[in-house]
Amino acid sequence: MTVLTKKSPGSTRRKLDKPELLAPAGNLEKLKFAIHYGADAVYIGGQRFGLRSNADNFSIEEMRQGVEFANKYGAKVFVATNIYAHNEDFDGLEEYLKQLEEVGISAIIAADPAIVNTALKVAPKLEVHLSTQQSTMNWQAVQFWKDEGLPRVVLAREANMEEIIEIKDKVDIEIEAFIHGAMCSSYSGRCVLSNHFTDRDSNRGGCSQSCRWYYDLYEGDEKHPMFTVDEDDPFTMGSKDLGMIEHIPQLIESGIDSFKIEGRMKSIHYVATVVNAYRQAIDAYMDNPEHYELKREWIDEIHKAANRPLNSGFFYKAPGAGEHIYEAEEKLVNFDFAGLVIDYNEESGMATIQQRNHFKVGQEVEFFGPNGTFFKQIVERIWDDKGNEIDAARHPLMTLRLKVDQPVHALDMMRKKNI
């Protein structure tokens, strides 16, 4: 782990550890991209005991492949087992935890004390990290879980910066905190709206995201409305998303051990873009904290992947009316993942591309990759895999070639702006 010294205003010089960058991975392909673009660890879901039943999720064999890939890069794989279990949910739990330990999973993320206790007993090599679903917000609760044998606590998203600093000062334990992604309107995700409207249990993996629906408000009944809204201006209770790219120095100096990005159901483009931006910002601060400078390009990159307006969540103040979305959601994403670089010929300057979305001759595209690779260019000519010149890449996953203005590498991405 990288260690440096930094002198904060009014404080003595102290050591800062480089935080882990923890990324979501909804499937094996996303796992590989998250690690390739700079994640130190990824968290995934298995096919049982997790809160994202609609994600692709991993079979045991896919987990094994993911761990093998992660090991090559010195990365770790965590598995979410964070349901609040009912009696019938425990069938097969012990066998499942033993399988996770056997394939090399580094840790599970659990909320239910019974699952925590079972893991500690039957899979002692498997670390247990306390899920944010436990709503842990104070140092005494953190101390309790440390005394139970847990090495890491994922704090409630409602914890603010002062509370995080106090926890780190009082308890010698790893703290994980969300720094980017969707926020839940319910307290630490303990939602019952989904259960009420759709009979899908949010706390057992079935969330239907009821808070993102559009609603009318009425006083008493529909015959006596408090107010109504037309179809173009619906009411919703969904919150804005969390985005802390502009606050990396404060996050690192707080002592947070793991920076967590939300979004196991998000796209490859989202995962790669967000991880890449935070990777660069974290590394830049750790390399030279005294002269760290926030780059506009990192903020711009984040906004190319953001689904909703961003704010700082609970870190600095309790969110008010301005942190919720009350009108039709303002979709910020105006870029599509257009192609994936498969190969590059340095002599000819030709890149082999796997198409992911339609693009055509004359269109401006952007290439980006790990370590700050970025440039724009106009697509001048396109050839298919048989050498025929074509005017557009129309067919899903077709292989094609085009000349690029700068060198690219395998697994670099090409995106286009929506017009």
Nearest non-hydrogen partners of [X] and [Y], listed with the distance:
X	Y	answer
I252	D17	CG2-O, 4.4 Å
F359	L402	CE1-CD2, 3.9 Å
A272	Y37	O-CD2, 3.6 Å

For the residue pair [X] and [Y], establish whether any side-chain heavy-atom pair is separated by less than 4.5 Å.
X	Y	answer
I302	V274	yes
Q65	L28	yes
P370	H36	yes
Q47	F58	no
M137	E158	yes
P24	V42	no
I44	V77	yes
F368	M414	no

Whether the side chain of [X] engages the backbone of [Y] through a donor-acceptor N/O pair (distance < 3.5 Å, no angle test) should be reported.
X	Y	result
K30	K266	yes
Y278	G38	no
E62	S59	yes
E163	N160	yes
N345	E347	yes
S131	Q134	no
N82	Q133	no
S254	L251	yes

Taking 4.0 angstrom as the limit, do [X] and [Y] come out as a salt bridge?
X	Y	answer
K304	E297	no
K18	D283	yes
R279	D40	yes
D300	R296	yes

- Message: Testing the 3.5 Å rule here: is there a donor-acceptor pair between the side chains of Y344 and H409?
- Response: no
- Message: If only side-chain N and O atoms count, and only distance matters, is there a donor-acceptor pair under 3.5 Å linking H86 with D89?
- Response: no
Distance, nearest 0.5 Å, that separates [atom1] of [X] from [atom2] of [Y]:
X	Y	atom1	atom2	result
L340	I353	CG	CD1	7.5 Å
E174	D257	CD	CG	5.0 Å
F259	L22	CZ	CG	11.5 Å
D147	I173	CG	CD1	9.0 Å
N27	M265	CG	CE	11.0 Å
E262	D241	CD	CG	7.5 Å

Identify, with sequence neighbours excluded, every residue that meets salt bridge (charged side-chain N to carboxylate O under 4.0 Å, His left out) alongside [X].
X	answer
E102	R64
E364	none
D391	R394

Going by ring pair (Phe, Tyr, Trp, His ring centres under 6.0 Å), name the residues that satisfy it together with [X], two or more places apart in sequence or in a different chain.
X	answer
Y73	F69
F33	none
Y292	Y285

- Task: Identify whether NZ of Lys or CZ of Arg in K376 sits under 6.0 Å from the centre of the six-membered ring of F367 and within 45° of that ring's axis.
- Result: no
- Task: Mark yes or no: R415 above the aromatic ring of F337, with NZ or CZ under 6.0 Å from the six-membered ring centre and no more than 45 degrees from the axis.
- Result: no
Decide if atom [atom1] of [X] counts as having more than 12 heavy atoms of other residues, nucleotides or ligands within a radius under 6.0 Å.
X	atom1	answer
E61	CD	yes
R152	CZ	yes
K295	NZ	no
E389	CD	yes
E162	CD	no

[X]: what forms a side-chain contact (heavy atoms from CB on, under 4.5 Å) with it, not counting sequence neighbours?
X	answer
E380	none
Y96	F49, I60, M63, V79, T81, Q99, L100
P151	E127, H129
K403	M350

Only pairs under 3.5 Å count here: list side-chain donor-acceptor contacts from residues 104-125, not counting sequence neighbours, and write none if there are none.
from : atom 1 : to   : atom 2 : distance (Å)
D112 : OD1    : A114 : N      : 2.8
D112 : OD2    : A85  : N      : 2.9
T118 : OG1    : A114 : O      : 2.7

- Query: Passes side chain to side chain contact (heavy atoms under 4.5 Å, CB included), E301 versus F374? Steps please.
  - Reply: CA-CA 10 Å; E301 282 294 289; F374 179 84; 3.8 Å; yes
- Audit row: L21, I261, side chain to side chain contact (heavy atoms under 4.5 Å, CB included) steps and yes/no: CA-CA 8 Å; L21 182 57; I261 298 168; 4.0 Å; yes
- Residue pairs involving residues 351-362 (criterion side-chain hydrogen bond (donor to acceptor under 3.5 Å, both in side chains); sequence neighbours excluded): E29-R356, Q354-R356
- Query: Run the side chain to side chain contact (heavy atoms under 4.5 Å, CB included) check on H180 and L310 step by step: do they pass?
  - Reply: CA-CA 9 Å; H180 193 91; L310 303 175; 4.2 Å; yes
- Message: Would K146 and D172 count as a side chain to side chain contact (heavy atoms under 4.5 Å, CB included) here? Give the steps.
- Response: CA-CA 9 Å; K146 180 185 177 182; D172 183 14; 3.7 Å; yes
- With ring centroids as reference points, do F315 and H247 lie under 6.0 angstrom apart? no
